[in-house]
Amino acid sequence: ATSGQTRPRAHRDDIMALQLPDIPSVIRSRLDAVLGKIRRERKSLRQALLDIDRLYAQFGAGEIDAAALEAAIGAVESRLP
């Protein structure tokens, strides 16, 4: 088993030495829009996973019954992108 840092760390000098191509502004705008959509969907999916985890725990603890669990899962599913 490993312990501690398992990925190489980026150093300031490594980043400053990068040569990144300058893309045209119209493409940059489109890229920003696409990345924004991906990030929003990822956030939505992450929240759905957290909600499902919470529901499963509530069911396991006897806080909700099977009918409530099924209804709540349906509500989560209806919010999926």
Side-chain angles (χ1 to χ4, degrees):
T2 61
S3 63
Q5 182 72 28
T6 59
R7 292 172 289 197
R9 293 178 189 235
H11 298 281
R12 182 180 185 276
D13 293 337
D14 297 333
I15 294 170
M16 297 304 289
L18 289 175
Q19 295 292 321
L20 300 175
D22 189 23
I23 58 177
S25 61
V26 68
I27 297 173
R28 187 178 310 112
S29 294
R30 185 172 182 193
L31 179 61
D32 288 344
V34 169
L35 290 172
K37 182 178 179 182
I38 291 168
R39 288 183 183 112
R40 285 187 300 277
E41 286 189 17
R42 179 176 62 187
K43 183 178 179 181
S44 173
L45 291 171
R46 174 76 175 140
Q47 185 59 55
L49 286 170
L50 292 172
D51 291 345
I52 292 294
D53 285 347
R54 178 182 46 79
L55 291 167
Y56 191 74
Q58 288 174 329
F59 179 74
E63 297 171 8
I64 59 174
D65 63 13
L69 176 64
E70 184 177 16
I73 290 171
V76 171
E77 184 178 27
S78 71
R79 296 191 326 254
L80 294 177

Cut-off 3.5 Å, no hydrogens considered: what does the side-chain donor-acceptor table look like for residues 26-35, sequence neighbours left out?
from : atom 1 : to  : atom 2 : distance (Å)
R28  : NH2    : D22 : OD1    : 2.5
R28  : NH2    : I23 : O      : 2.8
S29  : OG     : S25 : O      : 3.1

Donor-acceptor contacts, no H, no angles, side chain residues 74-81, under 3.5 Å, sequence neighbours left out:
from : atom 1 : to  : atom 2 : distance (Å)
S78  : OG     : A75 : O      : 2.7
R79  : NH2    : D51 : OD2    : 2.4

Requested in this report: Tell me, please, which residues at least two apart from Q58 pass side-chain contact (heavy atoms from CB on, under 4.5 Å).
Outcome: R54, L55, E63, I64

Query raised in the report: How many angstroms lie between atom CG of L45 and atom CD1 of I38, to the nearest 0.5 angstrom?
Result: 11.5 Å

Query raised in the report: Looking at Y56 and L69, what are the two nearest heavy atoms and their distance?
Result: N-CD1, 4.5 Å

Requested in this report: Just grab all the salt bridge (charged side-chain N to carboxylate O under 4.0 Å, His left out) pairs involving residues 33-50, residues at least two apart or on different chains.
Outcome: none

